[in-house]
Amino acid sequence: MKLKNKIIVLLIGALLILAGLNLILDSAATKNLGTILALTGVSVDIVILLLFIKQEKWLSKI
């Protein structure tokens, strides 16, 4: 996966987190969907960050 694609997926994960938080705060009816979206966004971000650390040489030195 190219660096540009990883950054795009990382941003998409962040948007999922924000959308999920918005649904959680919006109303009681959308809390479950908001929780699912937020957890999906967090999972995507964690996976992409692990790929950054594993595959990118400049991040593996950290």
Side-chain angles (χ1 to χ4, degrees):
M1 187 180 262
K2 292 183 180 181
L3 180 63
K4 182 180 176 183
N5 292 340
K6 289 179 189 175
I7 292 172
I8 290 172
V9 173
L10 194 64
L11 290 173
I12 290 171
L15 289 176
L16 281 174
I17 293 169
L18 292 175
L21 290 175
N22 187 27
L23 287 175
I24 290 170
L25 296 175
D26 191 32
S27 70
T30 59
K31 281 188 179 184
N32 291 335
L33 180 61
T35 304
I36 292 170
L37 280 177
L39 289 176
T40 303
V42 169
S43 300
V44 166
D45 285 347
I46 289 172
V47 168
I48 293 299
L49 288 174
L50 288 175
L51 285 173
F52 269 137
I53 291 170
K54 183 178 176 185
Q55 294 177 352
E56 300 297 328
K57 291 179 183 176
W58 56 277
L59 282 176
S60 64
K61 294 179 182 178
I62 297 176

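Because the structure is a prediction, the values reported are computed rather than measured.
- Under the 4.5 Å side-chain contact rule for hydrophobic residues, Ile48 and Ile7 share a cluster.
- Note: Thr40 OG1 to Ile12 CD1 = 13.0 Å, rounded to the nearest 0.5 Å.
- Taking each heavy atom of Leu51 and Lys6 in turn, the nearest pair found is O-NZ, 3.9 Å.
- Here the closest heavy-atom approach between residue Asp45 and residue Leu10 is recorded as OD1-O, 3.0 Å.
- At a threshold of 4.5 Å between side-chain heavy atoms, the hydrophobic network of Ile, Leu, Val, Met, Phe, Trp and Tyr places Val44 and Ile46 in two separate groups.
- Paired with Leu37 under the rule side chain to side chain contact (heavy atoms under 4.5 Å, CB included), one option of Val42, Leu16, Asn22, Thr30 passes, and it is Leu16.
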